[in-house]
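Here's the structure, in structure tokens; my notes come after.
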Amino acid sequence: MSPVTLLPFIVLIGAMFLMTRSAKKKQQQAADMRNQLQPGSGIRTIGGMYATVKEVNDDTVLLDAGPGVELLFAKNAIGAVLTDDEYNRIVHGIEHDLKSDSDVVPDDASSLTDSADADEPADEAAAASDDKSVDLGKKDTPEAAEEKTAEAEADEEPHKTDGESDAKK
């Protein structure tokens, strides 16, 4: 056999090797994460439940899911160990300020754009722009008004039928 005919098989075997190696790495990382569990850590289970680790055993973990609620889970059911900030943000709604207040994005874009007159305050510029009327090119002409009234009258007239519908029998 020539090397050209063996090339597709070699490439296929190489791809399979790389895929299994990647999967083994992920499994090893997950096992390391589960072995490093400590009481007090915030976790998320594979089912999406958030809880705090209360006790760690060989194959099980005792979780505190709320006041008076203790649950026993298999270690394999732990999906992720969360940082304290992330756990508090998700479970308790507590935001941790990582940036200073000077980097806050405004609610509207008015402060991001330059006004036409830099001396004029932003409120006066907004009021002046509200006073101008915008022409959208839709003006009611007498002919258009007559057409609208004729259509309205035609819709108001009852349609007479002889009791038979137009549907095929």
Side-chain angles (χ1 to χ4, degrees), residues 1-118 122 125-126 129-130 132 134-139 144 147 151 155 164-169:
M1 292 181 91
S2 70
V4 175
T5 57
L6 292 177
L7 186 64
F9 294 112
I10 294 171
V11 170
L12 184 62
I13 291 170
M16 289 174 46
F17 172 74
L18 291 176
M19 287 191 296
T20 57
R21 187 174 134 202
S22 173
K24 284 182 183 179
K25 265 187 169 178
K26 287 181 183 179
Q27 286 177 349
Q28 185 63 37
Q29 287 176 347
D32 290 342
M33 179 258 319
R34 290 182 186 118
N35 289 333
Q36 293 175 358
L37 283 175
Q38 297 176 353
S41 300
I43 58 101
R44 182 184 68 236
T45 65
I46 58 174
M49 184 182 74
Y50 293 91
T52 306
V53 176
K54 191 167 186 178
E55 183 180 317
V56 179
N57 299 321
D58 291 337
D59 294 331
T60 61
V61 178
L62 185 64
L63 302 177
D64 182 19
V69 179
E70 293 180 355
L71 304 167
L72 187 64
F73 272 79
K75 272 190 177 179
N76 291 341
I78 306 301
V81 177
L82 307 173
T83 63
D84 291 339
D85 291 337
E86 185 178 13
Y87 181 78
N88 288 331
R89 181 182 59 82
I90 293 169
V91 176
H92 302 295
I94 300 171
E95 292 289 332
H96 188 297
D97 291 335
L98 297 176
K99 296 181 179 180
S100 66
D101 292 338
S102 64
D103 294 339
V104 174
V105 177
D107 290 337
D108 61 348
S110 62
S111 65
L112 299 175
T113 59
D114 293 334
S115 62
D117 186 12
S129 66
D130 290 340
K132 298 176 186 174
V134 178
D135 182 21
L136 298 176
K138 293 185 176 181
K139 294 183 180 179
E147 289 177 11
E151 289 175 2
D155 289 340
E164 294 181 16
S165 65
D166 293 336
K168 295 182 180 179
K169 294 183 180 180

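All of these numbers come straight from a predicted model, not from anything done at the bench.
- Atom CG in D85 sits 11.0 Å away from atom CD1 in I90 (nearest 0.5 Å).
- Residues A51 and A65 share a closest heavy-atom pair of CB-CA, 4.1 Å.
- Between the side chain of R44 and the backbone N or O of L82 there is no donor-acceptor pair closer than 3.5 Å.
- For Q28, the side chain to side chain donor-acceptor pair (under 3.5 Å) partners at least two apart in sequence or on another chain are D32.
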*Give the C-alpha distance, both sets of side-chain angles, the deciding distance and a yes or no for side chain to side chain contact (heavy atoms under 4.5 Å, CB included) between D59 and K75.*
CA-CA 6 Å; D59 294 331; K75 272 190 177 179; 5.9 Å; no
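- Taken to the nearest 0.5 Å, the NZ atom of K54 stands 15.0 Å off from the OG atom of S41.
- Not one N or O on the side chain of T60 forms a donor-acceptor pair closer than 3.5 Å with the backbone of N57.
- At least one side-chain heavy atom of N76 sits less than 4.5 Å from a side-chain heavy atom of R34.
- M49 and L71 get closest at one heavy-atom pair: CE-CD1, 3.4 Å.
- A side-chain contact (heavy atoms from CB on, under 4.5 Å) with L63 is found for exactly one of I43, L72, V69, namely I43.
- Scanning both residues, E70 and L62, for their nearest heavy atoms gives OE1-CD2, 4.0 Å.
- The backbone N or O of M16 lies less than 3.5 Å from a partner atom in the side chain of T20, making a donor-acceptor pair.
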